[in-house]
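Computed from a predicted model, the values in this text were never measured in an experiment. What's counted below: heavy atoms across the whole structure, side chains too, no hydrogens, waters or symmetry copies. So you know, we letter chains A, B, ... as the sequences are listed, proteins then strands, and number each from 1.
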Protein chains: 2
Amino acid sequence: MELKPVTERFILHWGEMGSRWGVNRTVAQIHALLFLAGRPLDAEEIAETLSVARSNVSNSIKELQAWRLVRVVHLMGDRRDYFETSADVWTLFKLIVEGRRQREIDPTLSVLRECLASPDMAAESLGSRQRINETLAFMEILTTWMDEMLRMQPETLMKTLGVGAKISKVVRKSPAESKR
Amino acid sequence: MELKPVTERFILHWGEMGSRWGVNRTVAQIHALLFLAGRPLDAEEIAETLSVARSNVSNSIKELQAWRLVRVVHLMGDRRDYFETSADVWTLFKLIVEGRRQREIDPTLSVLRECLASPDMAAESLGSRQRINETLAFMEILTTWMDEMLRMQPETLMKTLGVGAKISKVVRKSPAESKR
DNA sequence: CGATCGTTTCTGTATAAGAAGAAATATTGA
DNA sequence: TCAATATTTCTTCTTATACAGAAACGATCG
């Protein structure tokens, strides 16, 4: 598949940002490609379009599946795996936040709870104890609230965020328009 | 400085998570150390406590300053630089979100705007155009709303988040207790 | 204006991550 | 069951990052 100029720009940029977002370039590029393609692609086509090794596509797809950002679909009379991502930005955002939460927050919550429960905690200074306590409390509030937010429908969310209806429409449009 | 067991655990964990959060181990460890120490430390003491090279401390501190997470302070009659971070979790959170926004969001906003403004945009399919549009709209809504949230006082914020007053108190306690 | 102490920059090395290509495995259709 | 094709795993090479140690630089005090 030949990429149009803007699509290419978008994919290359997404790839560069990938490293800052905690995924490697190829993973981010594949996701961007699937997002813009708007139709399922097979691994071969992805590899050719992005000029990366076939195996690299395979591994990257696996990582995207771990994030639940990519699904497998099949076409009648074709035994290849085709891959697609959601066309809806809000859905993608939810999945990404969930993934980051699991990787970047949850382990810390566990450790903080263990620290606070430990008998060694008594040996710590009052200040340390308080700060560890506050850190845990803060992170719990934040994640609880984030979970609630993620359960919302885009419309409800936009109201909650106090955003005008005009932009809300733009976001809402996407699931309808995606043809699947 | 000898670290107490829980402090050490906290610092080591913070360091491990650092890589997932986009900063290296030493940077995260130093930040954790300053957070728990509750008093300004000089570079030498940091290096000894964490058993890292003096130059490593110097560079890591610079990165923490770029995040605005660490400040320099001086003690009368002592020409060394002492470093401290905020004891208030909410303040730290704000600085981190701001930093990540600059690094992880703003460049993408620019590129998306450029893409949409480009004459090449006409060559793109309707679906691509819509998805790029929606991506930008979504990210703009989100950042605008985040900016508003970050300007809030903890108390206001907690009300907005619909969190009970009891936890709000825990968060509020910290600026008062920090002795500076 | 030296001497001392602190800070920054530079350079080499070790480690980890990314990606390609080859090899092995699995699946389908004839 | 065999041949053809698709997919995954393994190995190797490359690149990027982290870190230590040394050297250079800068500032302050006597």
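- One interatomic measurement links the two molecules: CZ of Arg80(B) to P of dT4(C), which rounds to 18 Å at whole-angstrom precision.
- Heavy-atom contacts from other residues, nucleotides or ligands closer than 6.0 Å to CZ of Arg68(A) number 12 or fewer.
- Distance, Trp21(B) CH2 to dA18(D) C1': 19 Å, rounded to whole Å.
- In this structure, His74(B) places its NE2 atom 11 Å from C1' of dT7(C), rounding to the nearest Å.
- With rounding to whole Å, Lys62(B) atom NZ is found 15 Å from dC19(D) atom P.
- The side-chain hydrogen bond (donor to acceptor under 3.5 Å, both in side chains) test with Glu104(A) is passed by exactly one of Arg100(A), Arg101(A), Gln102(A): Arg100(A).
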> Between Thr143(A) and Phe138(A), is a side chain to side chain contact (heavy atoms under 4.5 Å, CB included) present by the stated rule, with each step listed?
Replying inline: CA-CA 9 Å; Thr143(A) 49; Phe138(A) 182 80; over 6 Å; no
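- Rounded to whole Å, the distance from CD on Glu44(A) to P on dA6(D) is 7 Å.
- By the 30° and 60° cut-offs, the orientation of the rings of Phe10(B) relative to Phe35(B) is parallel.
- In this structure, CZ on Arg103(A) lies 11.0 Å from CE on Met17(B), to the nearest 0.5 angstrom.
- By the criterion of side-chain heavy atoms lying less than 4.5 angstrom apart, applied directly or through intervening Ile, Leu, Val, Met, Phe, Trp or Tyr residues, Leu116(A) is not grouped with Leu12(B); the two fall into different hydrophobic clusters.
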> Going 5' to 3' along nucleotides 17-30 of chain C, which nucleotides have protein heavy atoms under 4.0 Å from the base (write B), which only from the sugar-phosphate (write S), and which from neither (write -)?
Replying inline: -SSBBB----BS--
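- The CZ atom of Phe83(B) sits 10 Å away from the C1' atom of dG6(C) (whole-angstrom rounding).
- One can place CG of Asp81(A) at 17 Å from P of dT5(D), the figure rounded to the nearest angstrom.
- Per the geometry, CZ belonging to Arg20(B) stands 15 Å off C1' belonging to dA16(C), to the nearest Å.
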